[in-house]
Amino acid sequence: MKKELLYLLPLLPAAVAGQGRYNIVYIMTDDHTAQMMSCYDKRYVETPNLDRIAADGVKFVNSYVANSLSGPSRACMLTGKHSHKNGFTNNEHGIFDGTQQTMPKLLQKAGYQTAIIGKWHLVSLPTGFDYWNIVPGQGDYYNPNFITMDNDTVVERGYLTNIITDKSIDWMENQRDKSKPFILFIHHKACHRNWLPEMKYLTLYEDKTFPLPETFYDDYEGRIAAQQQQMSIARDIDRTDDVKIYRPGMESPLGPTHLGMLSRMDKADLMRYCYVYDSISNDFLSRHLEGKALAEFKYQRYMRDYAKVLKSLDDNVGRVLDYLEKKGMLDSTLVVYTSDQGFYMGEHGWFDKRFMYEESLSTPLVMRLPKGLEARGDIEEMVQNIDYAPTFLELAGVKPPKDMQGRSLVPLLEGKHPRDWRKSVYYHYYEYPAEHMVKRHYGVRTDRYKLIHFYNDIDAWELYDLKNDPHELHNLYGQPGMEKVTKQMRRELRKLQEEYDDPIRNQYPLD
Ligand code: SGN
Ligand code: CA
C-alpha cells in the first residue's frame, strides 16, 4: 500500500475511509467581504446560496488572511505559508515560483485530480494542476479572455461569473477522471472592481438605499497611515469607472471618450447598459451635489453595483451546489467558500482592503461538510488562509509537510476544540508605494487586542482594544495605562515573527 494511503486510514472518519476519499470544491471569490454575506451580516444584502453552505455545515467567525491582497493571498492558500516564505509578497512585483511545493502538487501525487478555473493572478502559469483554464490578470466581466493549457488566449462570450461556473460544472461532469477523487478550485473575479453587473441585474438594487456604516466619516485621528491612504469613497473612487458617471453623448460609452472597460460588450448589451446608466448620470448631473451629499451619492452607487455583481455570484454558487446535489455528490464532497480577503464597504470612508483593520484582515469562510465531519454552526477558533493547504491534505490522507506554517482545520470540522489552538494571528502587508498608498505594516491580533507596526518610510505603532473599540478608532499605543498590554502584545508579535521566521524581525527587532 502506498505510504500516503497508510497515513489516511487512522485519520479519516470510518464512514468515509470505507467509501474513498472526499472531493473538495473550493470556491474563492475576489474582494467579497463578510459584511455583504447575509449569514454573517444582515444589514445589506441577501445571499441565500452562500448561506446554504453555512446552514449545512460551518461558518468560521474568526477567519483571517495573512496579507490582504489577491496574489499574496492565493500564494498563502496554495503553499500553506506566509508571504515571506512563499515569495509572493505583493501584486506589483511578484511572480509566483511555480517550482515550489504546493498543496495541489501534493494532492496530485496522492492520486487526486486537480483543476483550477477562473482568476489565478500569480503571473507565472499554474503548476500542479491536471487541468487549468484561467483569466489573464484581473480578468474582464464581459466577453472575457481565457488562457488555455496550450497558453492560447481565447475570447469566451458572456458574463464571467456564469462562464467560470459553466466551465467548472463541465469539468466535473465531462472532463475529469471519475475513478479518482478531485479538488476543483473555482476562482471568481466577482466582486472585484470595477463592479460591472450581469445584464439581467442592471437595475437590481436601484431602489434600495444602503445604510451608511458608523465609521463612514472617520477623521483618522491618531492613525497616521490611515491619514495617508488613497482609497476614500469621497475622494479616490473613480467617477467614471467606479461611480459610472459621465456626460451622456460626450463621455458616454457610445461617445468619443468611451469607457475602456465596456469596450468588450456586445453592441446590444452596451445599448441596454447605457439606457440604465445614462439616466443615472443625467439625474446626477442635474443635482449638482457637493460635500457629504456627493460622498453619500458615490457610496450608494458603489454599494448598488457591488451588490449586483454579488447577486450573480450567489446564483452561480447555487448552481454548483445544485449540481453536486443532483449528482449525489454532497455526502462525499467538502464545499469551501471563501474570498481572497475582506473589503471595506464604506467603513472608515473606504473601498479596497490592504489594512490590518478588521474588515480586510477578515475573510468570509464557510464550509459544507460531507458525511463523517460532524461540526455544525459557528466555529470560534482563529483560523487563517495558510490553514487551507494542511486541511485539504489531511482530508486526502496526506501528512502536511513540516514546513507548512498553517494548521489543519480537520479537528475543528470534526467538532473538536483543541486546547492548544493558536491564540493569535500574524499579518504582514508589503505593497507600498503602490495604488491606494497603504503603508507597509505587520502585526498581531489576539481575541482582545491588535498591535500594528507601519514601517518603511514611516514608523508608527497602533494598538486597539477590540472589545471596547471594535471599529478601531482609538489608537491606544503609548497611552497611559496600556504599558502592560503593549508589552504582552509586543512579546506575542516577537514570538510569531520567530515562529514563522519572518526576516523583518532583523530590521525592526522587538524587545
Ligand atoms: C486593481 C484595482 C485596485 C486593487 C488592485 C488589487 N484598481 O489594481 O483597486 O486594489 O487591483 O486588487 S482597478 O482600477 O484596476 O480596478 S486585488 O484584489 O487583485 O489584489
Ligand atoms: Ca482581491
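Order of listing sets the numbers, starting from 1, for every ligand and every atom in it.
When heavy-atom distances to ligand 1 are checked against a 4.0 Å cut-off, Asp340 comes that close only through its side chain, counted from C-beta outward. Of all the heavy atoms of Asp241, none lies under 4.0 Å from any atom of ligand 1, so neither backbone nor side chain is involved.
Contacts of Asp378 classified as salt bridge (charged side-chain N to carboxylate O under 4.0 Å, His left out), with partners at least two apart in sequence or in another chain: Lys59. Scored by the ring-ring contact (aromatic ring centres under 6.0 Å, His included) test, His188 finds no partners at all (sequence neighbours excluded).
Ion pairing between a basic and an acidic side chain is recognised when a charged N comes within 4.0 Å of a carboxylate O; Lys189 and Asp140 show no such pairing.
Between Phe351 and His436, the ring center distance clears the sub-6.0 Å criterion. A ring-centre distance under 6.0 Å is found for Tyr141 and Tyr159. His441 has its ring centre less than 6.0 Å from the ring centre of Tyr427.
For ligand 1 and His121, the ligand atoms under 4.0 Å from any heavy atom of the residue are 19 (O). Those atoms of ligand 1 with a heavy atom of Asp30 less than 4.0 angstrom away are 18 (O). For ligand 1 and Gln341, the ligand atoms under 4.0 Å from any heavy atom of the residue are 18 (O).
Protein heavy atom nearest atom 5 (C) of ligand 1, with residue, atom name and distance: Arg354 NH2, 3.7 Å. Remark: minimum distance from atom 19 (O) of ligand 1 to any protein heavy atom is reached at Gln138 NE2, 2.8 Å. Of the protein's non-hydrogen atoms, the one nearest atom 4 (C) of ligand 1 is Asp352 OD1, 3.4 Å.
Between Phe355 and Tyr357, the ring planes lie parallel to each other; the angle is under 30°, not in the 30° to 60° tilted range. Tyr442 and His453 have perpendicular rings, their planes meeting at more than 60° on a 0 to 90° scale where under 30° would count as parallel.
Both the sub-6.0 Å distance and the 45° axial angle are satisfied by Lys167 relative to the ring of Phe146. Annotation: cation-pi geometry not satisfied between Lys298 and Tyr302 (NZ/CZ under 6.0 angstrom from ring centroid, within 45° of ring axis).
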Name each donor-acceptor pair under 3.5 Å that joins a side chain in residues 44-51 to protein atoms two or more places apart or in another chain, with its distance.
from, atom 1, to, atom 2, distance (Å)
Thr47, OG1, Ser38, N, 2.9
Thr47, OG1, Ser38, OG, 3.1
Thr47, OG1, Asp51, OD1, 3.1
Asn49, OD1, Arg52, NH1, 2.8
Asn49, ND2, Asp314, O, 3.1
Asn49, ND2, Asp314, OD2, 3.1
Asp51, OD1, Cys39, N, 3.0
Asp51, OD2, Ser38, OG, 2.6
Asp51, OD2, Cys39, N, 3.3

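A heavy-atom separation below 4.0 Å is found between Lys353 and ligand 1.
Neighbouring protein atoms of the Ca ion (ligand 2) (N, O or S, distance under 3.0 Å, waters ignored): Asp30 OD1, Asp31 OD1, Asp340 OD1, Asp340 OD2, Gln341 OE1.
When the heavy-atom distances from atom 15 (O) of ligand 1 to Glu435, Lys119, Arg74 are ranked, the shortest goes to Glu435. For atom 14 (O) of ligand 1, the nearest non-hydrogen atom from the set Arg193, Glu92, Gln230, His436 belongs to Arg193.
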